[in-house]
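One structure is given here, and the rest of the page talks about it.
Per chain, numbering begins at 1; letters A, B, ... match sequence-line order.
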Protein chains: 2
Amino acid sequence: MNCMSIDLSNLRQKFREREYKLTPQRQIILQVFVDNRDKHLSAEDVHNIVRQQSNDIGLATVYRTLELLSDLDILQKMDFGDGRSRYEINETSTPHHHHHLICLACGKVIEFEGDLLEDLETVISRNSNFTIVDHQVKFYGYCQECRDKSED
Amino acid sequence: MNCMSIDLSNLRQKFREREYKLTPQRQIILQVFVDNRDKHLSAEDVHNIVRQQSNDIGLATVYRTLELLSDLDILQKMDFGDGRSRYEINETSTPHHHHHLICLACGKVIEFEGDLLEDLETVISRNSNFTIVDHQVKFYGYCQECRDKSED
DNA sequence: ATCTCTGCAAATGTTTTGCACTCCA
DNA sequence: TGGAGTGCAAAACATTTGCAGAGAT
């Protein structure tokens with residue numbers, strides 16, 4: 001299994017199972033996320049990217065598709081505090097969690113690789129009568145650029 | 001220092017330093033958070049609680065106050081994915097981080113005590129040219145009630 | 001008197017919804 | 001031909017902003 005591309009047959013099956021259709025619009029939107037794997041796209045971002053490819057899709061459809069893909073666990077919805085939801089591909093096949101460093105000065109979001117919390121999940125599950133299936137970590141701080149700037 | 005009440009003199013000073021006034025409205029809103037220490041209140045929640053006490057405050061003022069208190073690090077702004085921002089008192093005096101278990105079935109948010117990430121912050125700061133000042137962790141899963149329900 | 005703060009209403013920006021139309025199966 | 005999917009416009013909702021008046025020092 002190639003980790004740089006979505007497993008299309010598996011994905012088609014996911015749609016079938018739930019009786020959803022893999023329409024052209026949905027495929028185009030999926031492709032946007034495949035082509036922008038490192039980004040955290042908002043609905044408007046997706047809409048703009050699609051329009052740049054002269055494949056106009058209604059904004060409402062973009063929203064509906066993003067919700068659908070999140071429900072199917074194909075995308076992960078996240079919030080960086082900038083007033084809009086952002087989405088990225090949920091890499092379930094490779095179970096490495098990546099988290100985010102958010103710069104409090106410029107708002108930049110940097111990826112951070114690490115699955116250091118899996119053990120923690122087990123411990124918490126045992127102690128708290130809560131079955132944990134996922135986690136999301138955000139670190140807040142200052143990126144190098146902003147640190148350099150403030151040293152003027 | 002009593003950890004169950006806000007250090008008022010320290011707080012007044014925080015306001016003075018930045019040339020903000022501790023107006024009646026701001027005090028009332030602060031008191032709401034002191035009285036609801038275990039909750040995660042939205043702007044509307046706060047507004048309703050204040051109205052129940054027949055202390056009407058404009059919703060815009062509530063929003064402005066919540067932003068101010070967050071800037072002063074008296075409150076912490078957070079997002080549980082329900083489309084509105086939520087706030088709770090930021091316990092800086094006792095530097096234990098508490099995090100949240102969010103039930104994917106019923107949406108309930110459970111507090112979880114633990115400062116297991118402080119070491120991690122140090123490691124990441126060293127490896128990534130990013131100065132971390134805070135973190136926020138959300139665990140997603142299923143609470144006992146919802147687990148019981150689904151076992152019907 | 002000045003300057004912040006408040007309340008109201010209007011504006012903004014994101015997301016959702018109603019409805020008619022399209023497209024497959 | 002029926003039910004899901006789409007596009008458009010309108011609605012809904014949380015949040016922000018402009019402005020005039022209130023309050024404090």
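Atom CG in A:Asn55 sits roughly 15 Å away from atom C1' in D:dT6 (whole-Å rounding). The interatomic distance linking B:Leu66 (CG) with D:dA14 (P) rounds to 14 Å, in whole Å. Here the P atom of nucleotide D:dG5 and the CZ atom of A:Arg18 are 12 Å apart, to the nearest Å. Taking atom CG on B:Asp45 and atom C1' on D:dT15, their separation rounds to 15 Å, with Å as the unit. For the pair A:Leu68 CG and D:dT6 C1', the computed distance is 13 Å after rounding to whole Å. Per the geometry, CZ belonging to A:Phe15 stands 13 Å off C1' belonging to D:dA4, to the nearest Å. Atom-to-atom, CG of A:Leu59 to C1' of D:dT6 comes out at 13 Å; the value is rounded to the nearest Å. If you take CD of B:Glu44 and P of D:dA14, they are 6 Å apart, rounded to a whole angstrom.
For B:Asn129, the side chain to side chain contact (heavy atoms under 4.5 Å, CB included) test picks out A:Gln144, A:Arg147, with sequence neighbours left out. Applying the salt bridge (Lys or Arg N to Asp or Glu O under 4.0 Å) criterion to A:Lys108, with sequence neighbours excluded, gives A:Glu145. Residues forming a side chain to side chain contact (heavy atoms under 4.5 Å, CB included) with B:Ser70 (at least two apart in sequence, or on another chain): B:Leu75, B:Lys77, B:Tyr87. In this structure A:Gln76 satisfies the side chain to side chain contact (heavy atoms under 4.5 Å, CB included) test together with A:Met78, A:Asn90, A:Asp134, A:Gln136, sequence neighbours excluded. Applying the ring pair (Phe, Tyr, Trp, His ring centres under 6.0 Å) test to B:Tyr140 and every residue at least two apart in sequence or in another chain returns nothing. Partners of B:His47 by ring pair (Phe, Tyr, Trp, His ring centres under 6.0 Å), not counting sequence neighbours: none found. In this structure, the side chain to side chain contact (heavy atoms under 4.5 Å, CB included) partners of A:Arg84, at least two apart in sequence or on a different chain, are A:Ser42, A:Glu44, A:Asp82, A:Arg86.
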Completion exercise
Readout for nucleotides 17-25 of chain D: B = base within 4.0 Å of protein heavy atom, S = sugar-phosphate only, - = neither; 5' to 3' it is BB-------
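Taking every nucleotide of DNA chain C with any atom under 4.0 Å from a non-hydrogen atom of chain A, the first and last of them, 5' to 3', are C:dT14 to C:dG18.
Applying a 4.0 Å cut-off to non-hydrogen atoms, none of the residues of residues 77-87 of chain B approaches DNA chain C.
Residue pairs that meet the ring-ring contact (aromatic ring centres under 6.0 Å, His included) test with at least one member in residues 56-75 of chain B, sequence neighbours left out, do not exist here. Each salt bridge (charged side-chain N to carboxylate O under 4.0 Å, His left out) pair with one or both residues in residues 51-68 of chain A, not counting sequence neighbours, appears once here: A:Arg51-A:Asp56.
Ring pair B:Phe15/B:Tyr20 is perpendicular by interplanar angle, where above 60° counts as perpendicular and below 30° as parallel.
Side-chain N/O atoms of B:Ser42 include none lying less than 4.0 angstrom from OP1 or OP2 on D:dA14.
Under 3.5 Å, the side chains of B:Gln52 and B:Asn48 contain no donor-acceptor pair of N or O atoms.
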